[in-house]
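Atoms within a ligand are numbered from 1 in the order they appear, just like the ligands themselves.
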Amino acid sequence: MSKVVVANDHGAVELTARIVDFLKGEGYEVNYLGTAENKSVDYPDMAKLACDEFKRGGYEFGILCCGTGIGISISANKIKGIRCALPQNCFAAQMAKEHNDANFLAFGGRIDYSDDVIDMLKAYIGTQTSQDERHARRREKMMALEG
Ligand code: RB5
């Protein structure tokens with residue numbers, strides 16, 4: 001069974017619950033790290049928790065949510081090996097997998113998206129990473145920026 005790690009701050013409790021339900025319904029084993037409460041937590045802490053867990057291995061991808069998705073995605077992208085995309089619609093979610101091979105997706109619980117987050121997730125899951133030389137080269141260059 002494919003595994004997904006999921007974490008969020010207090011700005012996206014309901015959205016994250018929807019995502020977890022969807023993933024479980026699709027047959028994923030979900031390691032949900034919280035927070036399931038509206039009590040304030042710091043998004044960098046939640047990003048670190050999920051990314052550290054992802055890097056222990058065995059996960060297909062990870063999901064991070066905060067109020068906008070911005071703070072938690074920036075935090076995740078500070079961590080070596082993490083490519084966290086913040087898609088704004090289904091096309092971007094598809095490209096995040098196809099071109100960027102994003103291993104995390106971030107979403108905002110307080111954002112009005114034109115596409116439903118679950119549809120974005122479906123677009124990501126249903127897409128293969130392109131093995132085309134130019135995309136592979138760009139991904140390598142992107143990761144080399146980590147230093
Ligand atoms: C928390 O209030 C909020 O700042 C956070 O959820 C997120 O939107 C940050 O980028």
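Other residues, nucleotides and ligands contribute over 12 non-hydrogen atoms within 6.0 Å of the CD atom of Glu60. At most 12 heavy atoms of other shown residues, nucleotides or ligands fall within 6.0 angstrom of atom NZ in Lys48.
Sequence neighbours left out, the pairs with a member in residues 136-147 that pass side chain to side chain donor-acceptor pair (under 3.5 Å) are Glu133-Arg137.
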Could you pull out the N/O contacts under 3.5 angstrom between ligand 1 and the surrounding protein atoms?
unit_1, atom_1, unit_2, atom_2, d
ligand 1, 2 (O), His10, NE2, 3.4
ligand 1, 2 (O), Arg110, NH1, 3.4
ligand 1, 6 (O), Asp9, OD1, 3.3
ligand 1, 6 (O), Asp9, OD2, 2.6
ligand 1, 6 (O), Gly67, N, 2.7
ligand 1, 8 (O), Gly67, N, 3.3
ligand 1, 8 (O), Thr68, N, 3.0
ligand 1, 8 (O), Thr68, OG1, 3.2
ligand 1, 10 (O), Thr68, OG1, 3.2
ligand 1, 10 (O), Gly71, N, 2.8

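A donor-acceptor contact closer than 3.5 angstrom links the side chains of Asn31 and Tyr59. With no hydrogens or angles considered, a side-chain donor-acceptor pair links Tyr32 and Asn8 at under 3.5 Å.
Counting only heavy atoms from C-beta outward, the side chains of Asn77 and Ser75 never approach each other to under 4.5 Å.
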